[in-house]
Number of protein chains: 2
Amino acid sequence: MASKAGRKDTSHSERPARLIDVAHRAEVSRATAARALGGYGLVGDETRERVLTAARELNYSTNVVARAMRAGKTQAIGVVVADISNSFFSHATRAIIDTAARAGYETFVLNTDDDLAKEVDAVRILIEKRVDGLIVVPSSPTQYDHFVLEGELAKPLVLLDRRVEGLRVPTACTDDRGGAKQAIELFLEHGHVHIGLLVATAAARGGVETRQPEGVVSTVTDRVAGAQEAMAGRGIGEPAIRYSRSSVEAAQAGALELLTQKPRATAILATNEEMALGVLAACSELGLTIGKDVSLVSFDDTPWSKVIAPSMSVVKRPVYELGHAAATALIKAIRGEGRSRKIELPTQLIDRRSVANVLKRRR
Amino acid sequence: MASKAGRKDTSHSERPARLIDVAHRAEVSRATAARALGGYGLVGDETRERVLTAARELNYSTNVVARAMRAGKTQAIGVVVADISNSFFSHATRAIIDTAARAGYETFVLNTDDDLAKEVDAVRILIEKRVDGLIVVPSSPTQYDHFVLEGELAKPLVLLDRRVEGLRVPTACTDDRGGAKQAIELFLEHGHVHIGLLVATAAARGGVETRQPEGVVSTVTDRVAGAQEAMAGRGIGEPAIRYSRSSVEAAQAGALELLTQKPRATAILATNEEMALGVLAACSELGLTIGKDVSLVSFDDTPWSKVIAPSMSVVKRPVYELGHAAATALIKAIRGEGRSRKIELPTQLIDRRSVANVLKRRR
DNA sequence: ATGAAAGCGCTAACAA
DNA sequence: TTGTTAGCGCTTTCAT
């Protein structure tokens, strides 16, 4: 094959130099060349110099595939997320890639779209690729057969953002229950009684659902539980919940329901960016004003949330730290330095201007 | 090493089954087992069945590292972006991963933070990993030594989003010049004469700069050229430009300058999401209203742009298509199916409600 | 301090 | 239709 069009080809040898080529040129054995290049074992100073020079001259690039084969380690990990173009996953993945790279691991990224079949495939592919470990955002709260592998095929595994029932592997997640609880308590403090939840979940079939779909992930159940816990025992009933896919359109439909039903919700907790935007869209459609007619808190601190008018109160999750924690746990497991159990990072309520006080308006 | 805590270990063999184990169990040779598993060559029906059964029973997982070593192909590609957590890159990367996966390639993702040194490292690492091809968002418009490799070490390369001067490799980008031109023309049609540009670039050292920094990428120069082209020959001078890092804070400072200088800019083109948010922040700080006192158009159609009030007009780029095109070009190059040259995808001006008409306000 | 050689698991050319 | 076997490039005992 000719060299790439337009790229200079100063090459003499068409094929990449191998260790043996370096060894020949330095007039040593493969073993010695390997030692000099790898910086281990005993090598004479002058010999080492010759080898290094030869390697440079031949433009030698270690074939890590061969090394991986020999060593049984690829220095690669796999990340399996629902969708890398989603802001939460892309930030968490960024942290994972950074952390892994600093420890000498490169990162494969695979998407599942929260589809269990794709997740099963992704895990199989990564196992075939002989990655040294996996970080997975599981799409099902209960299915884990595909993680249960035998012998050395069972690579270290860390779950991200969601727990899987019955699977005892290290899991890095945030305190979603506490986060939701705090948000609802903020509403309650401001006198809200009719509170709605807009919940994004891939488990929602088509439109907007009132009942919790089968197979929602732990993040969803935790947040719902946190909201319910905050409202419990106050004689104000349960929150009104709408489940839908994570899209602005679906969220808008859900928000419309919450804002037109009787009694109408005066405060809404959105579980992510898309749901929050759905509320904004619904309010503009109904001529309602955020922070006045409708109070809003959303999970995840997006860049736009503090800039829009009024700025939006949010439950911020430490996304980078979450990815970092997962990667750190994985690398420790790969190195056999003890296995972490559950890592739960705290959320932070950032109160801006999207929650109205309905107390002083009474009577 | 013991099996993962909590994960069942039904394994007999501690080590993964190899081809030879399958062959033994099926009572055939390695070659026959390989043929049955690989689905090539001639294999008797009954024999194939025995092999497949044996593989299943032994939980055989092809060691693709060994295959890669033998074949000289890893079925892996590398993507080198500035920052995967950035919305543009994460969407493009999503497309690349999808497209590559469908063609049987997995994807390494590496970040450079638009730092040439990190880019050089990233390329070296991927070459060592013996990826079959690379897609790079180059951080420099002129430096390309690190792409110029010898012989078979020179893997197929496709550039994404930015051109590199003097490097003749396939490049997938958008018509940024045309996009900027269209946006400015929209301003002109609405009577704007004092037009500002807020340009995000990693080449900006610290704060807000009036002169173009050294080493801005082609996307930046194209957009600036497009804006200048639109204004040229109309006797309204040049656009006022502010260059800064891509952050809301820096953009806000830049917008503040544009909105307080004499003559003050009545219309601003922002080159990305962060810059647009900076304009929003500056306007709110100055008590100015978008779509009335200040007109705004931004590159990239973010989900929030259509939901905020007023909705924001944008220059939309086909980001997914861009990534798809890059990946398709790369895979063709890997397969030796002819080399694509430059791919330039059109942008689309979506006019919403953030551009005021200053014509009818005259006198 | 250096070298010889085995072998990681797979594929394909060749032989039967 | 099936089997034999030679490597792919590297690391690492073991011997010198």
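All chains are named by letter (A, B, ...) in the order of the sequence lines, taking the proteins before the strands, and each is independently numbered beginning at 1.
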Exercise for review: Using side-chain contact (heavy atoms from CB on, under 4.5 Å) as the criterion, list what pairs up with E128(B), not counting sequence neighbours.
Suggested key: S61(A), V64(A), R124(B)
Point to revise | Separation between CG of N86(A) and CG of D114(A), rounded to the nearest 0.5 Å | key: 9.5 Å
Exercise for review: Take the protein atom OH of Y40(B) and the nucleotide atom P of dT2(D), then report the distance between them rounded to whole Å.
Suggested key: 13 Å
Review point. Counting just side-chain N and O atoms, does T47(B) come under 4.0 Å of either OP1 or OP2 of dT2(D)?
Key: yes
Check your understanding: So what does V64(A) hit on the nucleic acid, given a heavy-atom distance under 4.0 Å: a base, only sugar-phosphate, or nothing?
Key -> nothing
Practice item. Name all residues meeting the ring-ring contact (aromatic ring centres under 6.0 Å, His included) criterion together with Y105(A); count only those two or more places apart in sequence or in a different chain, and write none if there are none. Key: none
Review point. dG9(C) P sits how many Å from K129(A) NZ, rounded?
Key: 18 Å
Review point. So does Y60(B) get a side-chain nitrogen or oxygen closer than 4.0 Å to the phosphate oxygens (OP1/OP2) of dC10(C)?
Key: yes
**Study point:** H91(B): side-chain contact (heavy atoms from CB on, under 4.5 Å) partners, not counting sequence neighbours
**Key:** S85(A), S87(B), V319(B)
Cut-off 3.5 Å, no hydrogens considered: what does the side-chain donor-acceptor table look like for residues 321-333 of chain A, sequence neighbours left out?
residue : atom : partner : partner atom : Å
H324(A) : ND1  : T99(A)  : OG1          : 2.9
T328(A) : OG1  : H324(A) : O            : 2.7

Exercise for review: If a protein heavy atom is under 4.0 Å from the base, mark B; if only from the sugar-phosphate, S; if neither, -; do that for nucleotides 3-8 of chain C going 5' to 3'.
Suggested key: BB-BBB
Study note, to complete from the structure: Separation of dT2(C) atom P from L37(A) atom CG, nearest Å, is 14 Å
Check your understanding: Which residue lies toward the 5' end of DNA chain C, S61(B) or R48(A), if each is placed at its nearest nucleotide?
Key -> R48(A)
Study note, to complete from the structure: When rounded to whole Å, the CG to P distance for the pair L42(A) and dA1(C) reads 5 Å
Practice item. Please identify each residue that fulfils side-chain contact (heavy atoms from CB on, under 4.5 Å) with D98(A), with sequence neighbours left out. Key: R94(A), R102(A), Y320(A), N111(B)
Review point. K73(B) NZ to dC10(C) P: how many Å, rounded?
Key: 17 Å
Point to revise | Between T32(B) and S29(B): side-chain donor-acceptor atoms closer than 3.5 Å | key: yes
Check your understanding: What's the CD1-P distance between I20(A) and dG7(D), to the nearest Å?
Key -> 12 Å
Exercise for review: Report the distance from atom CD of E46(A) to atom P of dT2(C), rounded to the nearest whole Å.
Suggested key: 8 Å
Exercise for review: Measure the distance from NE2 on H24(B) to P on dC10(C) and round it to the nearest whole Å.
Suggested key: 13 Å
